[in-house]
Amino acid sequence: DAEITQSPRHKITETGRQVTLACHQTWNHNNMFWYRQDLGHGLRLIHYSYGVQDTNKGEVSDGYSVSRSNTEDLPLTLESAASSQTSVYFCASSGGGTGELFFGEGSRLTVL
Amino acid sequence: GENVEQHPSTLSVQEGDSAVIKCTYSDSASNYFPWYKQELGKRPQLIIDIRSNVGEKKDQRIAVTLNKTAKHFSLHITETQPEDSAVYFCAASPRQAAGNKLTFGGGTRVLVKP
């Protein structure tokens with residue numbers, strides 16, 4: 001079955017370190033998104049991509065970057081982790097004729 | 001950009017009662033309004049959606065209504081059951097199509113008491 005997976009599921013890091021969260025989907029979707037989830041803020045869009053070599057900033061993109069070298073993967077990089085980036089991160093993809101987002105299981109990141 | 005407000009942030013109901021969650025949006029160009037349910041420790045999943053050319057849509061015990069003039073939409077859950085306990089998110093987008101960027105509300109934690 002097609003799916004979307006994230007790794008690692010849990011990570012603890014220190015302030016200033018670079019962190020990369022992986023997202024891999026086998027839906028063959030062109031569209032991929034990264035959201036962060038914080039209490040009271042819902043899901044906020046960080047970056048998104050509509051296809052290979054395409055990346056776009058979302059509403060909370062500062063301190064994050066993404067790259068899209070193939071259809072299946074959209075890794076999210078925190079260049080220099082900050083405590084404010086402690087959050088649960090969700091990757092999602094969409095394709096076909098509907099707007100439904102298919103979410104990964106989430107990655108819980110703690111920055112100490 | 002779009003701004004979506006969601007109320008209440010928490011909702012406690014007795015099993016069998018109804019639950020209503022309300023959302024407002026700011027961008028008059030938005031015309032696609034999905035609702036996602038997130039059970040504890042799980043990923044969000046789409047439960048129902050509505051487009052602006054429709055005023056109401058039902059699927060078994062859940063229904064969504066849309067008032068485009070007032071820019072608000074609501075989720076109604078009837079005959080609530082313990083498995084309805086979850087966080088619900090409303091969202092809005094300019095179009096229903098693959099690739100549309102969804103702006104989410106802050107979420108409503110629903111607790112159904114047996």
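Order of the sequence lines fixes the chain letters, A, B, ..., with proteins taken first and strands second; residue numbering starts at 1 for each chain.
Note on A:Val88: it does not cluster hydrophobically with A:Val19, by side-chain heavy-atom contacts below 4.5 Å among ILVMFWY residues. Hydrophobic clustering places B:Ile62 together with B:Val13 (ILVMFWY residues linked when any side-chain heavy atoms are closer than 4.5 Å, directly or through intermediates). A:Ile46 and A:Leu43 fall into different hydrophobic clusters, where Ile, Leu, Val, Met, Phe, Trp and Tyr side chains are chained together by heavy-atom contacts under 4.5 Å. Cluster membership check: B:Val64 shares its hydrophobic cluster with B:Phe73, using side-chain heavy-atom separations under 4.5 Å among Ile, Leu, Val, Met, Phe, Trp and Tyr.
Within the 4.5 angstrom heavy-atom criterion, only side-chain atoms of A:Leu45, from C-beta onward, approach chain B. Of the two parts of B:Pro34, neither the backbone nor the side chain holds a non-hydrogen atom closer than 4.5 Å to a non-hydrogen atom of chain A. Interface residue A:Tyr35: only side-chain heavy atoms are found under 4.5 Å from chain B.
Using a 4.5 Å heavy-atom cutoff, the side chains of B:Phe89 and A:Gln37 are in contact. Inter-residue side-chain proximity for A:Phe90 and B:Arg43 is flagged as met; some heavy-atom pair is nearer than 4.5 Å.
Top candidate by heavy-atom pairs under 4.5 Å with chain B, chosen from A:Leu101, A:Asn56, A:Asp38, is A:Leu101. Ranked by heavy-atom pairs under 4.5 Å with chain A, the list B:Gln38, B:Gln45, B:Arg109 is led by B:Gln38.
A distance of 12.5 Å separates CZ in A:Arg44 from OG1 in B:Thr103, rounded to the nearest 0.5 Å. For the atom pair CG (B:Leu46) and OG (A:Ser94), the distance works out to 11.5 Å, reported to the nearest 0.5 Å.
Surrounding CG of A:Leu39 are at most 12 heavy atoms belonging to other residues, nucleotides or ligands under 6.0 Å away.
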For A:Glu100 and B:Tyr36, what are the C-alpha separation, side-chain angles and deciding distance, and is it a side-chain contact (heavy atoms from CB on, under 4.5 Å)? CA-CA 10 Å; A:Glu100 181 175 1; B:Tyr36 284 77; 4.3 Å; yes

